[in-house]
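Encoded as structure tokens, the structure appears first; notes follow it.
As a basis for the values below, the full set of heavy atoms in this structure was taken, side chains included, without hydrogen atoms, waters or symmetry mates.
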Amino acid sequence: MKYFESKYGYFTDGGKEYVITNPKTPRPWVNVISNGDYSIIASHTGSGYSWRGNAGQNRITRLYQDLIKDNWGKYIYIRDVESGEYWSAAWKPVMSNYQHYEVVHGIGYTIYKHKVNDIYSEMKVYVSVDAPVEFMHLTFRNDGDRVRKIDVTSFFEWVLGNFPDEHREFHKLFIDPSFKSNTIFVRKYLGQFPDEKGRWNNTDWDHVAFHSVNIPVKSFTCDKESFIGMYADERNPIAMTLPKLDSKCDRFGDASASLQVELTLEPGEEKEVVFTIGAAKIGEEDAEQLASEYTNIQRAKEEFSKVKDFWTELLEKELVETPDIGLNIMTNYWARYQAISGRIWAKSGYYQVSAGYGFRDQLQDSQIFLSLNPELAKKQILLHAAHQFQEGDVLHWWFTIRGGGPRTHCSDDLLWLPFITQEYIKETLDYSILDEIVPFVDGGNATLYEHCKRAIEKAFKRFSPRGLPLIGENDWNDGMNAVGTEWKGESIWLAHFMYLLLKEFITTIEMKNDVTFAKKCKDTMETLRDSVNKFAWDGEWFIRATKDNGEKVGSKENDEGFIFLNAQTWAVISDITDEERKKMAMESVKKYLLRDYGALLLYPAYTKPRSDIGYITRYAPGLRENGGVYTHAATWAVWAYALIRDAEAVYKSYKGICPPYRSYDIDNYWAEPYVTCGNSDGPISPYYGRGGWTWYTGSAQWLHRVATHWILGIRPNYGYLDIDPVIPSDWEGFTYKRFFGDTLYVITVKNPNKVSHGVKEIIFDGQKVQRVPILTDGKSHTVEVTLG
């Protein structure tokens, strides 16, 4: 069945696959495929690149960001040997007229289906679940009525280390390719790190990369000029005019990789070819063994099955079925896959290349594991804790290879550690995590509890005389980087966030019998509540911040940016104010911020740069944080409206940012309709509603979380399930299935009275209960909920 069909494609297979039927999409629509170590990006045209560890420090193949051309990749050429006509296995780079073209982006794989000159080809690209190897598994079929002889030729360029490789002409001098047994191996005698004596340019790249094919080669080359030809390009390389490649493979050219094989196809006959690319860590893995072991048809098929089984087993630990097909697709598959494969494991996207982890960013992302594999959330929490200083502050981000990163004065980073730790405990009851011994980045170690405590105590030292937290270099909004650099400006959003954090974390502090610290936290909560309500209420909403000079940001006193979203949503989420102010603040969100495509981050947009606010004002008006929909924050509007039981606003807030629904105006949206975008343009932009910065955005996890926890309203809460949906009144109900370990819960919610919220009755395993206990007995349990 097809879902959300547009002129470019549709969802199928229950939403697990997105099929692209027209290669001329408004922007490249990609798949980010990762096993947590080795990763690739595959665009719908056939472009993309590979890396291991991270895309900035250990790039394997080349791609430069060009969303217009999308013209860098690992390409496969198909040539009719008799006529000399050639095309590519994907649309790029040759862009031939085709009889059929279709691309399937799936969970962990992409499949290109192409038919030119009666030769049908199908190319599956994917990454082994547990090895640093990627596959290009091709099937060819002769749909004509005569015997055809074709050759199949690969081509891509190596990087082998840091990217971007600005000094290409220097670095290429150190690349050493060789050819053996249908495989090109490549080393680089220049690593990106100093040796043990601190000498730069005195180490090797610490991997050996390879490119292999499963059948004997007709010819090969390791030289870009030999393949492309001077002043030609990938669309019309000189290699496609020559009978064979030139077998050039030395250190004196510009390193690339091309393997050419030849096939004869009888009418109706099918044949398969497997190409692999990989990178073996020197001293730990053997490149020749990897190439030999994985480059065959049987292994390729086994690995593809393992990929599908891995993702099915992981993602289907939680499944929802509601009347909203878009919500089902995103919640069951794509939001989780995006957060895990793209955000946490690959750490990169087509719009943004990352060389590491953001402290607060992937901490929030790790919540995606709580319903799937909590051990992976625990692993992420402990990893982040190890990037905290003894003083309590943290690295804003860090390189994942060899470490290192900026120790900034961002005021919220450090507090996400206790916040996410508490969310982990709330869902798992695993208090033992608090006793894990974790090192500090500047030496010494302590329990995770102590790490969390030091983060809070550090934040306590950053308060204004009025009892409000200081914004410092910035808070959650990096773009507000000039508001409080003198440590005088205040953050109202941070006050809300800190209030909620303390309210949640105090239970852990008291469990630890840390009496003095518990009292300090309670006293600080009172101060925060009093100060926010005394100094931050602007009459109809809360201001966003004060600057170093005391002027307000996000106030009626401002001509531009007079209302900010986060200061309103988190006033509700934190419960820092009274019910009247909550409702007034969220009514103001409706009036100024809640639009067709979600809630704007601020209104009205800044029309000129403001050196007293920050680079947020330097975006074009309506673009990204400057008056656009910043999807991460827009998800929190769903949460806030659910808390005040405004079902209509809940659903409008959610549906506006739910990607499948943008299929209906896809030429206006531009972005992939199967993953969340980082932002979409606001109403002042000439491209109102245009999506951008997809894949590498923290919004995917939050879109999933607000759907399950606040629309469907099913929330683990210290050993119990809170069930409190806020849904459209015309829903007849929904089902929710989730494993807790090996224990299955099947929850059926019925809505016979057509209400939006309010639980009338809960039946657990046939017995009426007030709350549903979370058991771990390895059995299946049923929960029947009636709204009314």
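- Ion pairing of Glu457 with Lys520 is absent here, as no side-chain N (NZ or NE/NH1/NH2) approaches a carboxylate O to less than 4.0 Å.
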Starting from the C-alpha separation in whole Å, work towards a yes-or-no answer on salt bridge (Lys or Arg N to Asp or Glu O under 4.0 Å) for Lys582 and Glu579.
-> CA-CA 5 Å; Lys582 290 178 188 175; Glu579 295 303 312; 2.9 Å; yes
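- Between Thr331 and Leu703 there is no side-chain heavy-atom pair separated by less than 4.5 Å.
- More than 12 heavy-atom neighbours from other residues, nucleotides or ligands sit within 6.0 angstrom of OH on Tyr431.
- The aromatic ring centres of Phe505 and Phe419 sit 6.0 Å or more apart.
- Salt bridge present: Asp365 and Arg343 bring a charged side-chain N and a carboxylate O closer than 4.0 Å.
- The closest side-chain donor-acceptor pair between Asp475 and Ser411, if any, does not fall under 3.5 angstrom.
- In this structure the side chain of Leu315 never reaches within 4.5 angstrom of the side chain of Asn332, judged on heavy atoms.
- Taking the six-membered ring for Trp and the full ring otherwise, the centers of Tyr357 and Trp397 sit at least 6.0 Å from each other.
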Does the pair Lys488 and Glu551 meet the rule for a salt bridge (Lys or Arg N to Asp or Glu O under 4.0 Å), with working shown?
-> CA-CA 11 Å; Lys488 296 177 183 177; Glu551 292 178 5; over 6 Å; no
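- In this structure, His387 has its ring center no closer than 6.0 Å to that of Phe440.
- For an aromatic pair to be called close, the ring centres must be under 6.0 Å apart, and Tyr654 with Trp710 fails this.
- Listed for the His704 side chain is no donor-acceptor partner under 3.5 Å among the backbone atoms of Ile368.
- At a threshold of 4.5 Å between non-hydrogen side-chain atoms, the residues Leu494 and Ile471 do not count as touching.
- Under the 4.0 Å criterion applied to side-chain N and carboxylate O atoms, Lys547 and Glu490 are not assigned as salt-bridge partners.
- Between Asp412 and Trp493, the closest side-chain pair of non-hydrogen atoms falls below 4.5 Å.
- Under 4.0 Å is where a charged nitrogen must lie from a carboxylate oxygen, and between Arg466 and Asp530 no such pair does.
- Close placement of the Trp416 and Phe497 rings is indicated, their centers lying within 6.0 Å of each other.
- A side-chain donor-acceptor contact under 3.5 Å links Asn626 to the backbone of Tyr619.
- The shortest side-chain heavy-atom distance between Leu721 and Pro716 falls under the 4.5 Å cut-off.
- Other residues, nucleotides and ligands contribute only 12 or fewer heavy atoms inside 6.0 Å of the CG atom of Asp559.
- Put simply, the side chain of Pro418 reaches to within 4.5 Å of the side chain of Ile456, judged on heavy atoms.
- Counting only heavy atoms from C-beta outward, the side chains of Leu601 and Arg624 never approach each other to under 4.5 Å.
- Using a 4.0 Å cut-off between charged side-chain N and carboxylate O, Asp435 and Lys512 make a salt bridge.
- The pair Lys591-Glu587 does not meet the salt-bridge criterion, since no charged nitrogen lies less than 4.0 angstrom from a carboxylate oxygen.
- For Glu391 and Arg454, the salt-bridge test fails: no basic side-chain N is under 4.0 Å from an acidic carboxylate O.
- A distance below 6.0 Å separates the ring centres of Trp398 and His384.
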Stepwise, does the salt bridge (Lys or Arg N to Asp or Glu O under 4.0 Å) test hold for Asp724 with Arg645?
-> CA-CA 10 Å; Asp724 186 20; Arg645 301 293 192 269; 2.5 Å; yes
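- For Trp570 and Trp476, the gap between ring centers reaches or exceeds 6.0 Å.
- A salt bridge is absent between Arg705 and Glu318; no separation between the charged side-chain nitrogens and carboxylate oxygens falls under 4.0 Å.
- The pair Asp478-Arg360 meets the salt-bridge criterion, since a charged nitrogen lies less than 4.0 angstrom from a carboxylate oxygen.
- A salt bridge is absent between Asp596 and Lys652; no separation between the charged side-chain nitrogens and carboxylate oxygens falls under 4.0 Å.
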